[in-house]
Peer 1: 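Sharing a structure below in structure tokens format, with a few things to ask.
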Amino acid sequence: MLEGPSGCGKTTLISVLAGLLERDSGDCSILGRDYEQMSLNETTIFRGQNIGFVFQAFNLIPALTAVENAAMPLLIAHMKRQVAMAQAREVLQELGFDERMMRSLPAALSGGQQQRVAIARAMVHNPRLIVCDEPTSALDRESGHIVMDLMRRFALSRDRALVVVTHDDRIFEFADRIARMEDGRITRVENMPNHMGESHENS
């Protein structure tokens with residue numbers, strides 16, 4: 001997890017990691033690849049195959065249902081619609097959605113429900129790296145723990161990585177490490193006790 005005061009550069013850093021922003025200087029290697037060595041098309045394909053991003057503002061498409069929004073990475077990758085929708089339904093079910101909620105447009109969903117759709121969209125294509133910007137900010141404690149437990153199990157069971165920007169100290173127990181950022185720099189990295197009863201070998 002990455003925490004620090006507002007404006008210190010957390011969202012900028014994870015946007016660089018996800019290939020959404022170009023870096024001004026320095027080196028950045030993600031899963032053995034450097035975005036600056038890729039063409040725009042190669043970067044788009046790489047992100048689509050390997051990166052899941054949970055935006056703080058959700059960025060759902062208003063005219064699409066919850067399940068259609070969640071299935072977007074698969075549909076963009078030209079997966080058959082029936083298969084993509086089934087895969088999106090499975091992830092949404094794990095996040096507590098019933099069929100009525102899946103058929104709802106974003107405007108008919110609460111902020112917490114919209115956030116869970118955004119999380120499902122980030123996970124649905126089984127990316128190797130999930131990057132989250134305040135994924136529990138619109139959720140109550142119980143819902144936030146359900147979401148973090150799912151994402152942590154996803155990362156550990158598939159030997160993936162999960163980077164979470166948060167101010168929510170209610171979810172610190174899910175972290176293997178917490179990095180403190182100030183004025184654009186990582187100032188401290190703290191290894192966390194194993195509260196969750198899981199091996200950290202994949203971290």
Side-chain angles (χ1 to χ4, degrees), residues 1-60 69-70 72-78 91 115 118-137 147-148 150-169 171-172 174-192 198-203:
M1 290 187 184
L2 180 64
E3 61 102 11
S6 297
C8 71
K10 303 185 299 296
T11 298
T12 298
L13 174 58
I14 63 171
S15 295
V16 170
L17 296 179
L20 301 176
L21 285 178
E22 294 184 5
R23 66 183 186 267
D24 294 327
S25 61
D27 299 316
C28 181
S29 177
I30 302 298
L31 304 174
R33 301 291 303 275
D34 185 338
Y35 291 118
E36 289 195 355
Q37 304 302 317
M38 300 185 225
S39 68
L40 179 60
N41 186 56
E42 288 173 331
T43 298
T44 300
I45 293 172
F46 178 82
R47 282 202 315 260
Q49 293 175 341
N50 296 288
I51 309 294
F53 198 103
V54 180
F55 297 90
Q56 189 172 3
F58 312 148
N59 290 356
L60 302 181
N69 267 286
M72 280 306 298
L74 303 177
L75 297 172
I76 290 172
H78 306 296
V91 178
Q115 193 150 26
I119 290 166
R121 181 182 58 194
M123 298 175 60
V124 73
H125 56 301
N126 293 321
R128 295 174 64 191
L129 172 64
I130 299 179
V131 183
C132 308
D133 196 358
E134 300 284 359
T136 60
S137 61
V147 163
M148 287 306 304
L150 175 62
M151 287 198 293
R152 181 180 170 82
R153 285 190 287 111
F154 175 90
L156 290 175
S157 66
R158 295 169 173 81
D159 194 23
R160 265 91 165 130
L162 177 64
V163 178
V164 177
V165 166
T166 187
H167 289 101
D168 187 356
D169 58 9
I171 64 171
F172 284 176
F174 290 90
D176 293 320
R177 297 178 184 88
I178 296 180
R180 173 75 179 181
M181 191 170 191
E182 294 181 11
D183 300 324
R185 295 179 179 275
I186 302 294
T187 59
R188 185 176 75 252
V189 178
E190 179 182 0
N191 291 321
M192 300 299 290
E198 295 169 328
S199 169
H200 288 184
E201 292 178 359
N202 292 337
S203 304

Peer 1: Please name the pair of heavy atoms, one in Phe172 and one in Met192, separated by the smallest distance, quoted to 0.1 Å.
Peer 2: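 For Phe172 and Met192, the tightest heavy-atom pair comes out as O-CE, 4.1 Å.
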
Peer 1: For Leu21, check side chain to side chain contact (heavy atoms under 4.5 Å, CB included) against everything at least two apart and list the hits.
Peer 2: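 So Leu21 forms a side chain to side chain contact (heavy atoms under 4.5 Å, CB included) with Thr12, Ser15, Val16.
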
Peer 1: How long is the gap from CG on Leu13 to CE on Met181, to the nearest 0.5 Å?
Peer 2: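 It is 5.0 Å, given to the nearest 0.5 Å.
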
Peer 1: Write down the atom of Asn69, the atom of Pro73, and the distance for their closest heavy-atom approach.
Peer 2: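 Closest heavy-atom pair between Asn69 and Pro73: O-CD, 4.3 Å.
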
Peer 1: Just by distance, do the side chain of Lys10 and the backbone of Leu2 share a donor-acceptor pair under 3.5 Å?
Peer 2: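 Side chain of Lys10 to backbone of Leu2: no pair is present.
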
Peer 1: Looking at OG1 of Thr43 and CD of Glu22, how far apart are the two atoms once the value is rounded to the nearest 0.5 Å?
Peer 2: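 Between Thr43 OG1 and Glu22 CD, I get 8.5 Å after rounding to 0.5 Å.
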
Peer 1: Which residue pairs pass the salt bridge (Lys or Arg N to Asp or Glu O under 4.0 Å) test with at least one member in residues 181-191, sequence neighbours excluded?
Peer 2: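 As it turns out, the salt bridge (Lys or Arg N to Asp or Glu O under 4.0 Å) pairs with a partner in residues 181-191, which skip direct neighbours, are Arg180-Glu182.
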
Peer 1: I need the full list of salt bridge (Lys or Arg N to Asp or Glu O under 4.0 Å) pairs touching residues 35-49, with sequence neighbours left out, sorted by first then second residue.
Peer 2: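 For residues 35-49: Arg23-Glu36.
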
Peer 1: Roughly how far apart are Thr166 OG1 and Glu3 CD, rounded to 0.5 Å?
Peer 2: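 Answer for the OG1-CD pair, Thr166 versus Glu3, is 8.5 Å.
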
Peer 1: How long is the straight-line distance from SG of Cys132 back to CE of Met1, given to the nearest 0.5 Å?
Peer 2: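 Going from the CE atom of Met1 to the SG atom of Cys132 covers 9.0 Å.
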
Peer 1: What's the separation between atom CG in Leu17 and atom CG in Leu129, rounded to the nearest 0.5 Å?
Peer 2: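 Rounded to the nearest 0.5 Å, the CG-CG separation comes to 7.0 Å.
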
Peer 1: Taking the side chain as C-beta and beyond, is there a heavy-atom pair between Arg33 and Asn50 under 4.5 Å?
Peer 2: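 A side-chain contact is absent here, since even the closest heavy-atom pair is not under 4.5 Å.
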
Peer 1: Looking only at heavy atoms, which two atoms of Leu162 and Ala155 are closest? And how far apart?
Peer 2: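 Smallest heavy-atom distance, with atoms named: CB-CB, 4.1 Å.
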
Peer 1: Quick check for you: to the nearest 0.5 Å, what is the distance between Leu150 atom CG and Ile119 atom CD1?
Peer 2: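 CD1 of Ile119 is found 8.5 Å from CG of Leu150.
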
Peer 1: Mind listing the closest non-hydrogen atom pair of Pro127 and Ala122 along with its distance?
Peer 2: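 Reported closest heavy-atom pair: CG-O, 3.2 Å.
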
Peer 1: According to the side-chain hydrogen bond (donor to acceptor under 3.5 Å, both in side chains) rule, which pairs have a member within residues 120-136, sequence neighbours left out?
Peer 2: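 For residues 120-136: Thr11-Asp133, Glu134-His167, Thr136-Asp168.
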
Peer 1: Output all residues satisfying ring pair (Phe, Tyr, Trp, His ring centres under 6.0 Å) with Tyr35, sequence neighbours left out; order by chain, then residue number.
Peer 2: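 Per chain and number, Tyr35 pairs via ring pair (Phe, Tyr, Trp, His ring centres under 6.0 Å) with Phe46.
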
Peer 1: Could I get the full list of ring pair (Phe, Tyr, Trp, His ring centres under 6.0 Å) partners for Phe58, not counting sequence neighbours?
Peer 2: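 Not a single residue meets the ring pair (Phe, Tyr, Trp, His ring centres under 6.0 Å) criterion with Phe58.
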
Peer 1: Between Leu20 and Phe55, is there a side-chain heavy-atom distance shorter than 4.5 Å?
Peer 2: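 With C-beta onward as the side chain, the pair touches.
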
Peer 1: Walk me through whether Asp176 and Arg152 qualify under side chain to side chain contact (heavy atoms under 4.5 Å, CB included).
Peer 2: CA-CA 10 Å; Asp176 293 320; Arg152 181 180 170 82; 3.3 Å; yes

